[in-house]
Structure formats: structure tokens, C-alpha cells
Amino acid sequence: MSTLHLESVSRWFGNVVAVNDVTMDVGPGITGLLGPNGAGKSTILSIMAGLLAPSAGTATLDGHPLRQDTGTYRQIGLVPVQESVYDFLTARQFVRLNADLHKLPQAKAATAHAIGLVDLADAASRKISTYSKGMRQRIKVAAALVHDPAVLLLDEPFNGMDPIQRRSMMGLLNSYAAQGRTIVFSSHILEEVEQLARQVEVVVSGRHAASGDFAAIRRLMTDR
């Protein structure tokens, strides 16, 4: 079981402050990162993944710095909001690439297992260029899960998914959370967070605005 900790984290790009003095603890289970577009959710997830260094403050996983630590990276799976896939590869090749980057001893078996988790085994030999938006989202999840991470970070993961795909993905995330894994997903849609998240962290204009279970957050939103 792993815990992410952000302590007084800020991140700026030139004169633009994307995240401002955020302190947050995220433990096992599913946490929803809720906020409007442009609130800083993607920046926070990138810091949690170790892709971005905080301009100020510290970000750790189980007490270890998240930046430039290969041991920590092996514990994290990231599903970015960007279309970060290689269209010229088949889905199987794309997931296998991630397995090879992690130097998995049973890369072929891990690849098949991850693709099966997202119900794309029948389409694994197709090039990603032929995939729909929802299928692309699912193969990105497979690539993030192939090394069996303790922490899964997902940025707007349900974009482009139809209701059946969405329900299946929520079931997969719930099953991983039940194993004691730490899952953080971002969304600007309240109903998505309500259906899935045990804990909600609200981000507004780069600041950590509220924290609590969904009922507490709903009450705060009603009051204010």
C-alpha cells in the first residue's frame, strides 16, 4: 500500500502559476481530483508521476522523492490526457513497448494480461490508427498497467468512452482499489467523481480548495 504526499507544492511556467501551495495526502483506494478545465489537475498528476519537478515544495511516494528515482517510477502507472500513442504500432506492440521499457522478465505474458484487462484482446493486432477515441483510452490504460503498478494516475480517463466502456473501466478501477492500490483520476465532471471516488480533492485556479468524501464536498458546494 502506497501513499503520495505533496507538501506546499507550487509549479510555475514563466510568469504563469499553474499550481500554488498545494498540500495533499493520497492513500490506497480511489481519489477523485475534481476541478474545472485549467484548474491545474494535469500539472498535479504530472508532479505525482515524477514527470515534473515542483518549482517549490516536495512530492514523495512513501517518503521517497518522486523525481528522478527509477525505483519509484516502477511503482507508478500514468494515463495522460494527451493522445500519447504511436499510431503506426499495433495495440499489442504499444503495450509490449512499455513492458520492455520496464524490463519485465515475462513481457509477452504481461502484455497479453494487460490487454485482456481492458477487453481489447480481439483488436490487439490492429494498428492504433484504426482505433476509436474510447479504444485509444483503454489501450493507454493497458500500457499503464502492464508492469502491475502500486499507484495508478489517470488524467480524464473516461474521455471518448461509451457507457459500456465507462462501466467496464470503473469496474476495473474498483477491483484494483480493492487490492489496496492507490488510484487518482482527474475529472471536471461531478457525476464521474460521485460514481467512483472514495475521497475527493478539489482544485480551483491552481489551489487546493477542499478535501473530503463526496458527501462533504457536495455540502460545501451547496453552501458556497
Side-chain angles (χ1 to χ4, degrees), residues 1-2 4 26-33 45 48-51 61 72-87 89-187 189 192-193 195-199:
M1 294 187 179
S2 297
L4 291 159
V26 179
I30 302 178
T31 297
L33 197 59
L45 286 176
M48 287 179 169
L51 296 181
L61 175 63
T72 299
Y73 289 156
R74 289 191 182 99
Q75 299 180 58
I76 298 172
L78 174 66
V79 181
V81 69
Q82 297 87 0
E83 286 290 337
S84 53
V85 293
Y86 300 105
D87 281 355
L89 295 178
T90 67
R92 183 178 293 107
Q93 289 169 335
F94 177 66
V95 178
R96 175 62 184 265
L97 175 62
N98 211 35
D100 290 340
L101 287 172
H102 281 283
K103 299 180 180 179
L104 299 183
Q106 302 293 331
K108 182 177 180 180
T111 297
H113 177 68
I115 291 172
L117 287 173
V118 297
D119 297 323
L120 283 174
D122 291 343
S125 297
R126 286 171 47 187
K127 288 188 176 182
I128 297 176
S129 59
T130 69
Y131 272 23
S132 67
K133 172 72 172 178
M135 293 172 74
R136 285 168 177 254
Q137 289 292 91
R138 287 154 61 198
I139 205 63
K140 283 160 58 180
V141 172
L145 290 176
V146 72
H147 59 294
D148 198 28
V151 177
L152 183 61
L153 308 172
L154 308 102
D155 199 353
E156 302 280 357
F158 303 108
N159 283 349
M161 289 190 183
D162 62 35
I164 294 174
Q165 293 171 342
R166 188 180 305 242
R167 185 167 60 250
S168 176
M169 184 58 60
M170 287 184 175
L172 175 61
L173 296 181
N174 276 319
S175 70
Y176 263 67
Q179 298 170 22
R181 302 177 199 242
T182 299
I183 299 171
V184 186
F185 78 99
S186 73
S187 179
I189 300 173
E192 283 184 354
V193 176
Q195 289 179 54
L196 192 58
R198 171 189 61 84
Q199 176 77 5

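Along the sequence shown, residues are numbered consecutively beginning with 1.
Heavy atoms only, all atoms of each residue included: Tyr73 and Gly50 are closest at OH-O, 3.0 Å. When all heavy atoms of Thr130 and Lys127 are compared, the closest pair comes out as OG1-O, 2.7 Å.
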Practice item. Output, in order, the C-alpha distance, side-chain angles, deciding distance and verdict of side chain to side chain contact (heavy atoms under 4.5 Å, CB included) for Tyr86 and Ile128. Key: CA-CA 7 Å; Tyr86 300 105; Ile128 297 176; 5.8 Å; no
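In this structure, Arg126 and Met135 have side chains that are in contact, with non-hydrogen atoms separated by less than 4.5 Å. The shortest side-chain heavy-atom distance between Asp119 and Arg138 falls under the 4.5 Å cut-off. When side chains are defined from C-beta on, Thr182 does not count as touching Leu61, because their heavy atoms never get closer than 4.5 Å. Two residues are said to be in side-chain contact when any heavy atoms from C-beta on lie closer than 4.5 Å; Asp87 and Arg136 meet this criterion. In this structure, the side chains of Met48 and Val151 stay at 4.5 Å or more apart for every pair of heavy atoms. At a threshold of 4.5 Å between non-hydrogen side-chain atoms, the residues Phe158 and Ile189 do not count as touching. You'll find the side chain of Leu172 reaches within 4.5 Å of the side chain of Leu145, heavy atoms only. Residues Met169 and Val118 have side chains in contact (heavy-atom distance under 4.5 Å, counting atoms from C-beta outward).
A distance of 11.5 Å separates CZ of Arg181 from CG of Leu173, quoted to the nearest 0.5 Å. In this structure, the separation between CG on Leu120 and CZ on Arg92 is 11.0 Å, given to the nearest 0.5 Å. Once rounded to the nearest 0.5 Å, the distance linking CG of Leu4 with CD1 of Ile76 reads 6.5 Å. If you take OG on Ser187 and CG on Leu196, they are separated by 9.5 Å, rounding to the nearest 0.5 Å. In this structure, CG in Asp100 is found 11.0 Å from CD in Gln93, a value given to the nearest 0.5 Å. With values rounded to the nearest 0.5 angstrom, Leu154 atom CG is found 8.0 Å from Leu78 atom CG.
His147 and His102 have parallel rings, their planes meeting at less than 30° on a 0 to 90° scale where 60° marks the start of perpendicular.
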Could you pull out all donor-acceptor pairs under 3.5 Å where a side-chain atom in residues 106-115 meets a protein atom, sequence neighbours excluded?
from, atom 1, to, atom 2, distance (Å)
Thr111, OG1, Ala107, O, 2.8

